[in-house]
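Note that the structure is predicted; figures quoted are calculated from it, not measured. Any value given below was found using the heavy atoms of this structure, including those in side chains, with hydrogens, waters and symmetry copies removed.
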Amino acid sequence: MGLLELKHKIQMQIENADERLLRIVSSVFDNYLEDNVLPDNENIVSEPIVAYDSTGKPLTLKQYNKEIDKGIDDFNNGRFISQEDLENEVDSWYNE
């Protein structure tokens with residue numbers, strides 16, 4: 001089935017769909033567009049995803065390398081917390 005046939009088939013199915021199905025399809029499109037559009041409006045389809053950030057946002061190789069560079073810069077400029085200090089901070093949460 002070619003692209004035009006597939007589009008036509010989906011259009012016909014949408015025309016005959018009930019509200020429940022339309023809400024499902026709408027949700028699928030919303031999630032797809034959220035996951036596949038980057039903040040600077042670049043489409044990630046043109047660049048493969050190589051990783052995900054801590055919130056689940058997909059990262060291209062360029063974005064991934066930028067995050068690594070930022071982390072190295074943070075470390076080189078003392079913007080970090082040691083393992084021991086972090087453990088002490090977490091322990092203090094339980095003692096409050």
Side-chain angles (χ1 to χ4, degrees):
M1 181 180 306
L3 180 61
L4 290 177
E5 292 169 316
L6 183 58
K7 284 183 177 183
H8 179 66
K9 177 183 175 185
I10 292 171
Q11 287 171 346
M12 297 306 296
Q13 290 170 328
I14 288 174
E15 287 295 322
N16 296 314
D18 63 5
E19 183 179 356
R20 180 175 172 264
L21 179 57
L22 290 175
R23 289 186 185 281
I24 292 169
V25 170
S26 179
S27 177
V28 169
F29 276 113
D30 290 345
N31 288 331
Y32 176 81
L33 293 173
E34 272 182 28
D35 289 345
N36 289 297
V37 176
L38 302 174
D40 55 6
N41 292 326
E42 290 181 34
N43 192 329
I44 64 171
V45 173
S46 63
E47 293 185 58
I49 296 169
V50 297
Y52 294 86
D53 72 6
S54 61
T55 66
K57 177 186 153 211
L59 299 172
T60 63
L61 183 59
K62 181 179 175 181
Q63 292 171 310
Y64 179 73
N65 286 331
K66 186 176 177 181
E67 291 294 320
I68 290 173
D69 291 341
K70 182 182 176 298
I72 291 170
D73 184 63
D74 285 346
F75 179 80
N76 288 336
N77 289 293
R79 294 185 299 262
F80 64 90
I81 185 170
S82 71
Q83 175 79 26
E84 183 179 347
D85 289 344
L86 179 61
E87 289 172 357
N88 290 335
E89 183 177 329
V90 170
D91 287 342
S92 75
W93 298 344
Y94 295 107
N95 295 329
E96 290 180 353

By salt bridge (Lys or Arg N to Asp or Glu O under 4.0 Å), Glu19 pairs with (sequence neighbours left out) Arg23
Value for OG (Ser27) from CG (Leu22), rounded to nearest 0.5 Å, stands at 12.5 Å
Any Asp53 side-chain heavy atom under 4.5 Å of Leu59 side chain: yes
I'd like a table of donor-acceptor pairs (distance under 3.5 Å, sequence neighbours excluded) in which one partner is a side-chain atom from residues 64-72, with atom names and distances.
{"residue": "Asn65", "atom": "ND2", "partner": "Leu61", "partner atom": "O", "Å": "3.3"}
{"residue": "Lys70", "atom": "NZ", "partner": "Asp74", "partner atom": "OD2", "Å": "3.3"}

CZ/Arg79: more than 12 non-hydrogen atoms of other groups inside 6.0 Å: yes
All ring-ring contact (aromatic ring centres under 6.0 Å, His included) counterparts of Phe75, not counting sequence neighbours: Phe80
For residues 81-93, pull every pair meeting side chain to side chain donor-acceptor pair (under 3.5 Å), keeping only residues two or more places apart or in separate chains. Ser82-Asp85, Gln83-Glu87
Applying side-chain hydrogen bond (donor to acceptor under 3.5 Å, both in side chains), name anything that partners Asn77, two or more places apart in sequence or on another chain. Asp73
Please examine the side chains of Thr60 and Ile49, heavy atoms only from C-beta on, and report whether any two atoms are closer than 4.5 Å. no
In a table with atom names and distances, give each donor-acceptor pair under 3.5 Å that connects a side chain of residues 1-9 to protein atoms at least two apart or in another chain.
{"residue": "Glu5", "atom": "OE1", "partner": "Gly2", "partner atom": "N", "Å": "2.8"}

